[in-house]
Amino acid sequence: MQKLTASLDQYADRIRADLEAKDAAREKVLPLCRELIRYAGITIRAIHRQEFDEARRLLSEARGVRETLEKEVSKCEELRYHGFVRDAQKEYTEANTVFALVTGQPIPDPDDLQVDYTGYLNGLGDTVGELRRYLLDSMRHGDLSRCEELLSAMDDIYTVLVTMDFPDAITGGLRHTTDQVRGILEKTRGDITLTVRQQELERKLSQHEK
C-alpha cells in the first residue's frame, strides 16, 4: 500500500498549487467585478439625470476597469464563466447600450465591449427596462419626441433575444429575461399610446375653447 500511495503527496502538492493560483486569481477578479457594476450603476443614474458628459466620463473609466478585468480573467479562463464575471459584463453592457440609444448612437458591438456573448444578451434585455424608465420620465415632462425611436429600439432588442432559443445553461437564463422584455415592451407601448391620445384630446379641447 505504501508504494501505491507514495506519489500521492506529490499529486496533492501539485493540485494544491493549482487551486491556490485559481483562488488568488478569483480574489483579484471579484473586486474588479464589483467596481465595474458600481460604474454601470452610477452611469445609468447620470443618464436618467441627462448628465451625458458625466455618463461619458464614467463609461471611459469603466472601460479601464473592464480591460483590467479581462487581463486578470485571461490568467484563469475558468473564471470567465462564473456568475460574478457574467453579471459584471451584463451590467457594463447595459450601461453602454442605454447611453448609446439615449444619445442616438448605434448599439455597441460585444467584441468592442470585450464581453461574453451571454452577458451581452442579458445586458441587452436589462437595457429595455432602463429605456422604459427613461421614456416614462420623458412623458411625465411632456416630451414625446423620442418615444417612437426608443420604442423601436426596444422592439428590435426583443426581436433578437426571442431568436436565441438555446438552453438556459448556455444563455444564463436568457429565456426568463426575454419574457420580461416582452412584458415591458407591451406595457410601454400601451403607455405611449395612452399618452399620445391624451395629448391629442387636450389639443382638440384647447382648440375648441379658442
Side-chain angles (χ1 to χ4, degrees), residues 29 32-48 50-77 79-135 146 148-178 180-182 184-185:
V29 165
L32 291 169
C33 289
R34 294 191 190 103
E35 188 174 6
L36 195 59
I37 290 172
R38 182 182 69 84
Y39 266 113
I42 59 178
T43 297
I44 288 176
R45 183 176 64 187
I47 294 169
H48 285 300
Q50 298 194 352
E51 299 170 352
F52 299 127
D53 289 340
E54 175 67 3
R56 187 178 291 105
R57 182 188 68 81
L58 290 168
L59 286 177
S60 178
E61 293 182 6
R63 188 176 187 88
V65 176
R66 177 68 194 96
E67 290 171 353
T68 302
L69 176 60
E70 176 61 27
K71 290 178 183 177
E72 293 300 329
V73 169
S74 67
K75 297 176 184 177
C76 182
E77 286 293 329
L79 293 176
R80 189 177 301 281
Y81 306 103
H82 281 225
F84 50 83
V85 174
R86 281 185 166 174
D87 284 346
Q89 294 179 348
K90 178 184 73 170
E91 298 293 333
Y92 180 63
T93 296
E94 179 186 4
N96 277 275
T97 306
V98 171
F99 179 78
L101 291 174
V102 166
T103 57
Q105 301 175 51
I107 290 179
D109 187 312
D111 293 343
D112 290 340
L113 295 178
Q114 291 186 305
V115 296
D116 177 82
Y117 291 164
T118 295
Y120 180 80
L121 290 173
N122 281 281
L124 288 183
D126 287 352
T127 294
V128 171
E130 291 299 332
L131 290 179
R132 170 177 167 76
R133 179 183 164 195
Y134 185 86
L135 282 173
R146 301 289 307 286
E148 289 301 324
E149 178 187 352
L150 293 180
L151 183 64
S152 177
M154 293 165 68
D155 194 29
D156 288 345
I157 289 173
Y158 173 71
T159 299
V160 168
L161 295 184
V162 79
T163 66
M164 301 296 172
D165 189 20
F166 299 96
D168 284 347
I170 295 176
T171 63
L174 183 64
R175 189 169 300 166
H176 176 67
T177 299
T178 303
Q180 289 181 318
V181 167
R182 182 179 63 222
I184 292 170
L185 184 59

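All values below come from the heavy atoms of this structure, side chains included, with hydrogens, waters and symmetry mates left out.
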Handout entry: Non-neighbouring partners of F84 that pass ring pair (Phe, Tyr, Trp, His ring centres under 6.0 Å), sequence neighbours left out
Key = H82
Exercise for the section: Report the residues that fulfil ring pair (Phe, Tyr, Trp, His ring centres under 6.0 Å) with H176, sequence neighbours left out, ordered by chain and then residue number. Expected result: none
Hey, what do you get for [atom1] ([X]) to [atom2] ([Y]), rounding to the nearest 0.5 Å?
X	Y	atom1	atom2	answer
Q89	L36	CD	CG	8.5 Å
F99	F52	CZ	CZ	7.5 Å
T103	R56	OG1	CZ	6.5 Å
E149	L101	CD	CG	8.5 Å
I42	E61	CD1	CD	7.5 Å
T93	R66	OG1	CZ	8.5 Å

Between [X] and [Y], does any side-chain N to carboxylate O distance fall below 4.0 Å?
X	Y	value
E94	K90	no
E67	R63	yes
E70	R80	yes

Would you find a donor on one side and an acceptor on the other, under 3.5 Å apart, between the side chain of [X] and the backbone of [Y]?
X	Y	result
T127	G123	yes
R146	V102	yes
T68	G64	yes
T118	I170	yes
N122	T171	yes

Exercise for the section: For L135 and M154, run side chain to side chain contact (heavy atoms under 4.5 Å, CB included): C-alpha distance rounded to whole Å, both residues' side-chain angles, the deciding distance at 0.1 Å, then the answer. Expected result: CA-CA 11 Å; L135 282 173; M154 293 165 68; 3.9 Å; yes
Let me have the donor-acceptor pairs involving side chains of residues 155-163, under 3.5 Å, with sequence neighbours excluded, atom names and distances please.
unit_1 : atom_1 : unit_2 : atom_2 : d
T159   : OG1    : D155   : O      : 2.8
T163   : OG1    : V160   : O      : 2.5

Practice task
Classify the angle between the aromatic ring planes of Y134 and H48 as parallel (below 30°), tilted (30 to 60°) or perpendicular (above 60°).
Solution key: tilted
Practice task
Could you give me the CA-CA distance, side-chain angles and deciding distance for L151 and L185, then say whether side chain to side chain contact (heavy atoms under 4.5 Å, CB included) is met?
Solution key: CA-CA 8 Å; L151 183 64; L185 184 59; 3.7 Å; yes
Problem - side chain to side chain contact (heavy atoms under 4.5 Å, CB included) against A40, all qualifying residues, sequence neighbours excluded - result: E91, A95
Exercise for the section: Please collect all salt bridge (charged side-chain N to carboxylate O under 4.0 Å, His left out) contacts where either partner lies in residues 100-120, sequence neighbours excluded, each pair once. Expected result: R86-D116
Fill in the blank from the handout: Applied to residues 95-104, the salt bridge (charged side-chain N to carboxylate O under 4.0 Å, His left out) test, sequence neighbours excluded, yields none
Practice task
Would you indicate whether Y81, at its atom OH, is surrounded by more than 12 heavy atoms from other residues, nucleotides or ligands within a distance under 6.0 Å?
Solution key: no
